[in-house]
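To keep things clear, I will list the structure first and then write my remarks on it.
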There are 2 protein chains.
Amino acid sequence: MAVTSESTRLEGTALEAWRSYLQSHAGIVRELDADLIAQHGLTVRDYEVLLYLAQAEERRLPMSALSERTMLTRSGITRLIDGLVGQGLIERVSCASDARVSYARLTDTGYEKLRQAGCTHVAGIQRLFLTHYSADELEQLAVLLGRLPGAGLGAACTAADHGCTAEADTLAADSGGCSVS
Amino acid sequence: MAVTSESTRLEGTALEAWRSYLQSHAGIVRELDADLIAQHGLTVRDYEVLLYLAQAEERRLPMSALSERTMLTRSGITRLIDGLVGQGLIERVSCASDARVSYARLTDTGYEKLRQAGCTHVAGIQRLFLTHYSADELEQLAVLLGRLPGAGLGAACTAADHGCTAEADTLAADSGGCSVS
DNA sequence: TGAGTGTAGTTGACAGGTCAACTGAACTGG
DNA sequence: CCAGTTCAGTTGACCTGTCAACTACACTCA
C-alpha cells in the first residue's frame, strides 16, 4: 500500500480533467499545424505572427513585442522573422526614433497569404474545438480556463484574435471565397 | 465592413475559450518543465517516459509502444531513450520472441529518480492547475475537455497517470518525504 | 560630457525533434 | 522454400527554438 498525501495525490476526476487537457491540446495543435503547412506552407507560429502584424498599427511591430506575444525568446523571433522575410511575407524596417528597434512589417504579399491561410485555420479551429460545444458550454470553458495562469495575457493566441479589432475583422475567414470588403 | 460567414467566424465567447485554452497550456507546460529541469534535470517528456515504464509489466515497454503513448515519432523516441540510457535511468533489453523489438526497461536508479521527480511534478500540477477548481468544476472540465479529439487516447499524458494502477500508486507523490511503502 | 547601466536585436553553439532512407527480422502466398 | 512485403528500430540531414555572449544604441546622473 502506498503512502499518499491528500494534498498532492492525483486521482479520479482531477486526473481525467488534467489528462484531457493535455491530450486534447497535443492532438488539436498538431492537426492545425499539419493543415496549415499542407495547404499554405505556414506553421501555426508563422500564422500567429502574421496575424499580430495585421492587427497592429501600420501592420508593423517591434521584434520584442512579437516575442512577448508569441512567448518565444528574442532570438527565436529573430529566426522566425528571418524565415518570413525570406518568403517575402514580412520586411524589416528600422525605427526613426530609436535606432535599436527594428520593426517587422507585413508586406502586401504577407497580408494576402494571411487571408488565405485564415480560411484553413479558422475552419480547423471550428472543426476541432468549437463544434464540440454549445454556446453555454463555451461560456463555461471560457470562465474555467480563464482562471488558469497565463490565460488572459496577450500571448500565445493563434487564430484567436480574429475579430479582436476592426482590422482583424477583415481577416475573419469567409471559408467560401475568402472575400474581404 | 468585412464580409464574414457565420460558420467560420470566431467571436466573443468562442474566442475567449479558445484563447484561454491555448494560452494557459503554454504557460503551465512551460513552468512544469522549468521546475522539473531545475530540480531533477528531467524534461516533462523524460518524466512521462519513466512513468509509462514504471507502470508497465516488468517495468519495460517496446520502443514503438512508447512512441505511441508519447506522440513522438519512432526516431524521436530512439533519441530520447538514448539520453535516458546515458543517464543510467533506462536500459535497452532485446526481446526473446521477436528479434526486431527492443525494450526500454526502467533501472532501479530510474525508478528512484522518478519517485523523486514525481513530488515536484505532482505539486506543480496541483499548484498550476488543480487548485484553481472545486471538485465540481474539475468534473465539468473533465466532461467538456473529454469531448475533444485526442482526449481519451492513451497518449500524451504526463504525470496524469498517477493512480491509474496499483504500481502507479507507489509513485503518487507524498510531497513531504516522498516515502513509499 | 562622459561613465555606467539598461534595452533591442543578432549570432554561435547546441538540444530536441522531424522526415526519409536504410537494416534486419518476421510474416505471406505462390 | 523463397520472393515480396510489412514491421521495429536506427541513422543522417535538417529544422526550429533555446541559452549565452555579443553589438550597438539610449538613458541617467554626477
Side-chain angles (χ1 to χ4, degrees), chain A residues 26-27 29-38 41-49 53 60-87 89-105 155-156 158, chain B residues 26-27 29-38 41-50 60-87 89-105 155-156 158:
Chain A
V29 167
R30 175 174 292 242
E31 190 154 341
L32 286 177
D33 219 60
D35 283 358
L36 218 44
I37 291 171
L42 289 179
T43 66
V44 168
R45 272 205 211 282
D46 292 338
Y47 178 86
E48 188 181 355
V49 164
L53 293 178
R60 59 181 172 74
L61 284 174
M63 304 295 280
S64 51
L66 284 173
S67 116
E68 281 174 18
R69 284 173 171 72
T70 56
M71 297 190 77
L72 289 179
T73 60
R74 271 172 301 143
S75 67
I77 272 294
T78 291
R79 296 189 150 116
L80 193 159
I81 296 297
D82 283 347
L84 294 174
V85 167
Q87 295 175 62
L89 307 179
I90 282 183
E91 56 195 357
R92 282 197 165 84
V93 183
S94 55
C95 174
S97 62
D98 185 339
R100 290 171 305 179
V101 344
S102 131
Y103 288 103
R105 183 168 64 197
T158 61
Chain B
V29 166
R30 176 173 290 242
E31 190 155 341
L32 285 177
D33 220 59
D35 283 358
L36 217 45
I37 291 172
L42 290 179
T43 67
V44 168
R45 273 207 209 282
D46 292 339
Y47 179 87
E48 188 180 353
V49 165
L50 297 184
R60 60 180 170 72
L61 284 174
M63 305 296 280
S64 52
L66 283 173
S67 118
E68 280 175 21
R69 283 173 172 73
T70 56
M71 297 190 75
L72 289 179
T73 61
R74 271 172 301 140
S75 66
I77 272 293
T78 292
R79 296 188 151 115
L80 193 159
I81 296 297
D82 283 349
L84 295 174
V85 167
Q87 297 176 59
L89 306 179
I90 281 182
E91 55 194 359
R92 282 196 166 84
V93 182
S94 55
C95 174
S97 62
D98 186 337
R100 289 171 306 179
V101 344
S102 131
Y103 288 103
R105 183 169 64 196
T158 61

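By convention in this document, chain letters (A, B, ...) are assigned in the order of the sequence lines, proteins followed by strands, and residues within each chain are numbered from 1.
Each of C:dA25, C:dT10, C:dA13 was ranked by its minimum atom distance to the side chain of A:R79; first place goes to C:dA13.
Between the CG atom of B:D98 and the P atom of C:dA25 there is a distance of 11 Å, rounded to whole Å. Going from atom CD1 of A:I77 over to atom C1' of C:dA8 covers 13 Å, rounded to whole Å. In this structure, CZ of A:R74 is placed 14 Å from P of C:dG6, rounded to the nearest angstrom. Between the CG atom of A:D33 and the P atom of C:dT18 there is a distance of 12 Å, given to the nearest Å.
When DNA chain D is scanned in the 5' to 3' direction for atoms under 4.0 Å from non-hydrogen atoms of chain A, the outermost contacting nucleotides are D:dG17 to D:dA26.
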Check the pair A:T43 / A:L36 against side-chain contact (heavy atoms from CB on, under 4.5 Å), numbers first and verdict last. CA-CA 6 Å; A:T43 66; A:L36 218 44; over 6 Å; no
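Atom CZ of A:R60 sits in a crowded spot, with more than 12 heavy atoms from other residues, nucleotides or ligands closer than 6.0 Å.
Within the 4.0 angstrom heavy-atom criterion, only backbone atoms of the sugar-phosphate kind lie near B:S64; the bases stay farther away. Here B:S102 lies in heavy-atom contact (under 4.0 Å) with sugar-phosphate atoms only. Heavy atoms of B:L72 sit under 4.0 angstrom from primed sugar atoms or phosphate atoms, though from no base atom. At a threshold of 4.0 angstrom between heavy atoms, the contacts of A:R45 are confined to the sugar-phosphate backbone, with no base atom among them.
Mapping A:T43 and A:A96 onto DNA chain D via the closest heavy atom, the residue that lands nearer the 5' end is A:T43. Between B:T78 and B:R30, the one whose closest nucleotide on DNA chain D sits nearer the 5' end is B:T78. Mapped onto DNA chain C by nearest heavy atom, A:S75 and A:V101 fall at different nucleotides, with A:V101 at the one closer to the 5' end.
Side chain of A:R45 to main chain of A:L72: no donor-acceptor pair is present (N/O by atom type, distance under 3.5 Å, no hydrogens or angles).
Minimum interatomic distance between B:M63 and B:A104 (heavy atoms only, all atoms of both residues): SD-CB, 4.4 Å. Heavy atoms only, all atoms of each residue included: B:T78 and B:R92 are closest at O-NH2, 3.4 Å.
Taking CD from A:Q87 and CG from A:L42, the interatomic distance works out to 6.5 Å, rounded to the nearest 0.5 Å.
Within the 4.5 Å cutoff, side-chain heavy atoms of B:V49 are placed close to those of B:T70.
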